[in-house]
Amino acid sequence: PFIVDACRFAENAWFIKQREPGQGERSIKSIVRDMFELADGMTMSAKKDAFANIGGWLAVNDDDLAQKARTRLIQTEGFPTYGGLAGRDLDAIAQGLSEIIDEDYLRYRVRTNEYIVEKLDHMGIPVVRPAGGHAVFVDARAWLSHIEPLKYPGQAVAVALYEVGGIRACEIGTVMFGRAPDGSETPAAMDLVRLAMPRRVYTQSHADYIVEVFEEVQRMKDDLTGFEIIDEPPMMRHFTAKFAPLSG
Ligand SMILES: Cc1ncc(COP(=O)(O)O)c(C=O)c1O
């Protein structure tokens, strides 16, 4: 079966409307309907394009498969009626799903990312273009080219953004993907830093603040050093690893 990870379905529909020939006059709702008609099911993290602060679901259009999933759920979590999402959260999700396809909201959200990307690009900071829907991605390997990938340039950028401006970003690179199951470590394909943007939280002045923090990090970037990992779990180390800065 073809199962869609639908967590950013509205942003994706917005990009289809903006970028694909012949889609520009269509409503987001009709594009969303077309997308899901092609699928046999979906997983959804309602914290993303449902505006909720918790929850999600698995939906399939095959009753036998749904029954198997419910049986598995009993083994792993509990019977579907044991609780799960509170009524308040279900209401929030239902409301969120109708509000998320508002085109003014989607335009504002994507435009905010574009604005930050344009400003960073203008400063000579390497960014992934075109701007995405949920985040701004900085190419830390290119920006901090004096820090080799195995000294985690993405982590260095994430730490600098936090120390300088309290901005919480996330390395998506060698820390996340560099460790192989056999224990060896090699550079990931890229060392990016993701600035994921909460929905309906930030204003223009927050975007300008982010840009100002980057200006300050840009001034000190040649003095930034790499990091070493001093403690890491056997799997998915990026969530809980501990780091120490390397000198010089
Ligand atoms: C594309 C994508 N799918 C699924 C998830 C998982 O969502 P959750 O944390 O609600 O399980 C995330 C983020 O966490 C995501 O970015």
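When a ligand or atom number is given, it counts from 1 through the structure's own listing order. Residue numbers count from 1 along this sequence. Since the structure is predicted, the reported quantities are computational estimates derived from the model, not experimental observations.
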message: Strictly by salt bridge (Lys or Arg N to Asp or Glu O under 4.0 Å), give each pair with a member in residues 108-122 just once, sequence neighbours left out.
response: Glu11-Arg109, Arg111-Glu114, Arg111-Glu118, Asp121-Arg129

What short N/O contacts, under 3.5 Å, does ligand 1 make with the protein, listed by atom pair and distance?
unit_1, atom_1, unit_2, atom_2, d
ligand 1, 3 (N), Asp5, OD1, 3.4
ligand 1, 3 (N), Asp5, OD2, 2.6
ligand 1, 7 (O), Ser45, OG, 3.1
ligand 1, 7 (O), Lys48, NZ, 3.1
ligand 1, 9 (O), Lys47, NZ, 3.1
ligand 1, 10 (O), Ser45, OG, 2.6
ligand 1, 10 (O), Lys47, NZ, 3.4
ligand 1, 14 (O), Lys48, NZ, 2.7
ligand 1, 16 (O), Arg8, NH1, 3.1
ligand 1, 16 (O), Arg8, NH2, 3.4

message: Looking at Glu77, I'd like to know if its CD atom is crowded, meaning that more than 12 non-hydrogen atoms belonging to other residues, nucleotides or ligands lie closer than 6.0 Å.
response: no

- request: May I have the step-by-step check of side-chain contact (heavy atoms from CB on, under 4.5 Å) for Ile101 and Phe9, ending in yes or no?
  value: CA-CA 9 Å; Ile101 56 172; Phe9 75 93; 4.2 Å; yes

What pairs of donor and acceptor atoms, side-chain ones from residues 57-70 against any protein atom, are under 3.5 angstrom apart with sequence neighbours left out?
unit_1, atom_1, unit_2, atom_2, d
Asp62, OD1, Asp64, N, 2.9
Asp62, OD1, Leu65, N, 3.1
Gln67, OE1, Arg70, NH1, 3.2

field: Residues clustered with Tyr108, ILVMFWY side-chain links under 4.5 angstrom
entry: none

message: Quick check: do Asn53 and Asp89 have side-chain heavy atoms less than 4.5 Å from each other?
response: yes

